[in-house]
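Order of appearance sets the numbers: ligands from 1, and atoms from 1 within every ligand. Side-chain atoms are counted along with the backbone in the values below, which use heavy atoms only and exclude waters and symmetry mates.
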Amino acid sequence: MTRDQPRIIAMHSGDNVAIVANDFGLPEGASLPGGIRLRERVPQGHKVSLVDIPKGGEVRRYNVVIGFAALDLPAGSWVNENRLDMPKAPGTTGLPISTNIAAPGPALTGHSFLGYRNANGTVGTRNLLAITTTVQCVSGIVDHAVRRIRAELLPRYPNVGGILSLEHIYGCGVAIDAPEAVIPIRTLRNISQNPNFGGEIMTVSLGCEKLQPDRLFPEFEIPDLVRLQDDSNIGFEAMIRTIMETAEKHLERLNRRTREPCPASDLVVGLQCGGSDAFSGVTANPSLGHASDLLVRAGGTVMFSENTEVRDGIDQLTARAATPEVARALIEQLSWYDAYLERGQVDRAANTTPGNKAGGLSNIVEKAMGSIVKSGTAPISGVVAPGERADQKGLLFAATPASDFICGTLQLAAGATLHVFTTGRGTPYSLEAFPTIKVSTRSELARRWHDLIDIDAGPVATGETSIEEMGQRMFQHMLDVASGTPTWAERHGIHNSLALFNPAPVT
Ligand code: CA
């Protein structure tokens with residue numbers, strides 16, 4: 001094995017730290033570009049001071065103060081979470097409002113994918129039968145029925161890509177009249193209408209639960225409702241038979257759907273990261289930001305999320321808000337989330353994980369700066385409250401917790417039909433209702449997880465590939481996967497559970 005030349009990456013000329021790029025880090029005494037010698041071993045992705053930083057001095061990355069030196073950090077020191085004091089979160093008043101609205105790039109035409117067009121004009125990337133459940137009590141029965149449907153019915157409907165249960169732990173034992181209960185309820189309502197399900201709503205209810213079907217879907221007569229406690233369901237087999245018979249009617253209709261060419265403007269993509277490391281903000285997320293800009297220029301919809309991972313950059317977001325109303329909506333969502341965290345006696349700093357820190361991210365400020373860049377540079381044209389459906393195009397901020405499952409679930413409710421997920425530490429996360437393209441921030445991870453990671457953004461760190469080239473590749477891959485190319489997770493048939501966000505009490 002040839003020994004790598006020591007490589008470091010600084011994000012901005014105003015930074016006084018850079019991260020070590022070499023796989024497995026660099027040893028004490030290593031000579032860095034610029035002539036600095038490492039005073040100690042520094043792991044991959046971790047920061048090294050480029051100048052003498054005195055105790056209390058600003059530590060800058062992304063040209064932002066990510067912390068203050070907790071001790072003297074002479075040039076060549078390892079700068080980690082134990083050596084940094086975290087700055088306070090920026091306030092929510094006096095922010096720049098719509099002061100940094102990027103000029104739109106030239107419209108991008110000629111890009112299309114093969115999607116499933118729905119009667120209401122939305123377009124799915126998959127053709128799935130989803131069974132909505134009103135309460136967890138029915139899940140065992142529905143799960144059994146789903147397995148039977150998959151084995152016995154699905155082979156007769158080759159145009160249907162799969163069947164899934166919209167399973168959750170909500171529905172009963174909860175304070176359903178609490179003001180914030182609207183969030184889980186509308187989330188479930190809107191997920192049931194995700195474009196990947198073709199407008200086919202099928203619901204299984206228990207009967208006695210708090211979340212009654214007409215409370216879940218107040219705006220229309222519920223077609224094909226199966227209620228397990230109905231007198232007609234005598235025993236287990238009758239319940240399974242009723243679900244299977246109802247499902248078959250939906251399969252017949254879904255089977256008539258076929259893919260047709262659709263412009264890229266019909267695509268709705270949710271962006272997320274999880275298991276982040278210091279490379280997230282260097283390779284995968286800036287490339288995804290470029291891909292996001294391309295999709296916005298093509299007229300599509302992109303949503304970024306994760307409240308705690310944008311909170312420290314609130315000023316960047318309000319400045320990018322297309323209108324003062326959008327800025328106000330952003331501030332309202334992030335302020336509500338501050339109050340939500342405060343009720344639990346924590347703040348946005350509760351976000352970072354041991355893995356983030358091992359990966360070089362010292363605190364939430366540094367993590368947030370790397371997370372925000374996946375939103376690219378386009379103006380933010382709308383804000384989607386948790387569980388609401390997005391009703392406009394362009395770059396949207398969908399306000400969600402950063403929890404991978406909850407964020408993904410809320411993006412599904414918002415109408416995302418495709419998910420792009422960047423990871424540095426590595427997580428096999430994906431959801432069943434939309435294809436989840438996984439992007440690694442480092443090539444070492446992509447090599448180890450060769451049959452889980454869909455795109456390796458690592459070559460950006462070595463300079464073999466530019467951010468623009470990687471972003472272009474991601475954009476094309478989004479169109480391919482939207483057209484039916486399976487992700488690794490789809491090939492293996494693996495997925496995680498939905499997780500409804502319920503900020504209201506349980507009883
Ligand atoms: Ca996340």
Side-chain angles (χ1 to χ4, degrees), residues 183 187 269-289 291-292 302-313 317 333-334 337 340-341 346-361 363-376 384 386-387 396-414 416 418-442 445 449 452-455 457 474 487 489 495-503:
I183 292 177
T187 303
V269 179
L271 312 181
Q272 212 202 148
C273 53
S276 300
D277 67 3
F279 284 96
S280 297
V282 178
T283 59
N285 288 347
S287 304
L288 188 52
S292 165
V302 180
M303 49 186 97
F304 71 108
S305 296
E306 304 175 290
N307 295 335
T308 48
E309 293 176 19
V310 304
R311 179 61 184 83
D312 281 276
L317 300 188
Q333 286 301 326
L334 294 178
Y337 208 76
Y340 164 76
L341 292 176
V346 294
D347 66 16
R348 87 280 190 220
N351 171 302
T352 35
T353 65
N356 292 153
K357 289 170 184 168
L361 292 173
N363 59 33
I364 186 60
V365 186
E366 183 178 17
K367 184 174 173 179
M369 295 309 133
S371 180
I372 279 179
V373 293
K374 66 170 137 13
S375 68
V384 186
L396 310 178
F397 176 65
T400 80
S403 154
D404 299 347
F405 324 99
I406 295 178
C407 172
T409 299
L410 290 169
Q411 290 186 346
L412 273 175
L418 182 71
H419 201 35
V420 185
F421 186 91
T422 68
T423 184
R425 307 297 296 168
T427 155
Y429 158 87
S430 64
L431 294 181
E432 200 174 12
F434 52 14
T436 305
I437 297 171
K438 279 194 293 295
V439 179
S440 73
T441 69
R442 297 171 301 122
L445 173 65
W449 285 22
L452 288 163
I453 297 294
D454 297 287
I455 298 179
M474 287 177 179
T487 62
H495 60 85
N496 294 91
S497 300
L498 295 176
L500 295 184
F501 178 40
N502 176 26

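- Within the 3.0 Å limit, Q272 places at least one N, O or S atom next to the Ca ion (ligand 1).
- Take the Ca ion (ligand 1) as the corner point: the lines to O of C273 and to O of A402 open at 170°, to the nearest 10 degrees.
- When the Ca ion (ligand 1) is compared with the N/O/S atoms of E306, atom OE2 turns out nearest.
- At distances below 3.5 Å, at least one donor-acceptor pair connects side-chain atoms of R442 with backbone N or O atoms of G424.
- Checking each of I455, L271, V302 against V420 for a side chain to side chain contact (heavy atoms under 4.5 Å, CB included) leaves exactly one that passes, namely L271.
- Looking only at distances, a side-chain donor or acceptor of K374 sits under 3.5 Å from a matching main-chain atom of S371.
- For the pair K367 and E306, the salt-bridge criterion is not met [side-chain N within less than 4.0 Å of a carboxylate O].
- Considering just the N/O/S atoms of D404, the one nearest the Ca ion (ligand 1) carries the name OD1.
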